Amino acid sequence: QVQLVESGGGSVQAGGSLRLSCAASGYSNSVNYIGWFRQAPGKEREGVAAIESGTYSTYYVASVSGRFFISQDNAKNTVYLQMNSLKPEDTAMYYCAAKTSRVPREDYRTRWLIPGQYDYWGQGTQVSVSS
């Protein structure tokens with residue numbers, strides 16, 4: 001079992017920044033990929049960013065590329081999502097998710113946004129951006 005706990009959410013004005021954290025515990029060494037997802041009321045869960053633990057390869061959805069940055073601190077078993085230049089449309093509940101099984105890079109590169117790819121999920125942290 002892997003436990004994930006998100007933190008760092010809050011309310012900010014447009015243009016502001018937040019840094020989300022995803023702390024992993026349990027069999028965290030079995031995690032090969034961490035993804036950040038978000039879900040706004042009435043909308044489907046959307047992939048935002050992901051990182052491959054072994055290679056540090058990163059992936060972003062187009063709407064956040066250049067504004068959000070994902071990183072990991074292996075010593076702390078924590079993955080961060082630095083969010084800059086926040087917009088009201090970034091308002092959502094943000095979740096981190098862990099995938100344990102390794103897949104060919106080409107497969108993950110095209111499938112990282114799919115929630116069903118992940119084995120474990122955190123409870124989420126709310127991000128609200130006002131105009």
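Values in this document were obtained by computation on a predicted structure and should not be read as measured data. Along the sequence shown, residues are numbered consecutively beginning with 1.
- Residues Tyr56 and Gln72 are in side-chain contact: their nearest non-hydrogen atoms beyond the backbone lie under 4.5 Å apart.
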Go through Ser63 and Glu89 one step at a time and tell me if the side chain to side chain contact (heavy atoms under 4.5 Å, CB included) criterion holds. CA-CA 10 Å; Ser63 60; Glu89 51 263 43; over 6 Å; no
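- Applying the disulfide (SG to SG under 2.5 Å) test to residues at least two apart or on different chains, none of the pairs has a partner in residues 26-67.
- Proximity of Ser17 to Asn84: side-chain heavy atoms (C-beta onward) are separated by under 4.5 Å at one or more points.
- Taken to the nearest 0.5 Å, the CZ atom of Arg19 stands 11.5 Å off from the CE atom of Met83.
- Here the closest non-hydrogen pair linking Thr91 and Ala40 is O-CB, 3.8 Å.
- Judged by distance alone, the side chain of Gln39 and the main-chain N or O of Lys43 form a donor-acceptor pair under 3.5 Å.
- Across every non-hydrogen atom of Cys22 and Trp36, the tightest pair is CB-CZ2, 3.5 Å.
- Annotation: disulfide (SG to SG under 2.5 Å) contacts involving residues 97-131, sequence neighbours excluded, are absent.
- Screening residues 99-131 for disulfide (SG to SG under 2.5 Å) gives no qualifying pairs among residues at least two apart or on separate chains.
- Smallest separation of non-hydrogen atoms from Pro88 and Ser130: CG-C, 4.4 Å.
- Note: Cys96 SG to Ile51 CD1 = 12.5 Å, rounded to the nearest 0.5 Å.
- Separating the OH atom in Tyr59 from the CZ atom in Arg111 is a distance of 13.5 Å, to the nearest 0.5 Å.
- Of all heavy-atom pairs between Leu18 and Gly9, the closest is CD1-C, 4.5 Å.
- In this structure, the separation between CG on Asn77 and CG on Asn29 is 6.5 Å, given to the nearest 0.5 Å.
- Applying the ring-ring contact (aromatic ring centres under 6.0 Å, His included) test to every pair with at least one member in residues 60-92, sequence neighbours left out, gives no pairs at all.
- Using a 4.0 Å cut-off between charged nitrogen and carboxylate oxygen, Glu52 and Arg102 count as a salt-bridge pair.
- Atom OG of Ser71 sits about 12.0 Å away from atom CD1 of Ile34, to the nearest 0.5 Å.
- Contact detail for Glu6 and Gly124: the closest heavy-atom pair is OE1-N, 2.8 Å.
- Minimum interatomic distance between Ala49 and Trp112 (heavy atoms only, all atoms of both residues): N-CZ3, 3.4 Å.
- A donor atom on one side chain and an acceptor atom on the other are not found under 3.5 Å apart for Ser53 and Asn32.
- In this structure Gln1 satisfies the side chain to side chain contact (heavy atoms under 4.5 Å, CB included) test together with Gln3, Tyr120, sequence neighbours excluded.
- Between the side chains of Lys87 and Ser85, no donor-acceptor pair of N or O atoms lies under 3.5 Å.
- A distance of 8.0 Å separates NZ of Lys99 from OH of Tyr118, quoted to the nearest 0.5 Å.
- A side-chain contact (heavy atoms from CB on, under 4.5 Å) with Val48 holds for exactly one of Val64, Leu113, Asp90; it is Val64.
- In this view, Tyr33 and Tyr108 satisfy the ring-ring contact (aromatic ring centres under 6.0 Å, His included) rule, not counting sequence neighbours.
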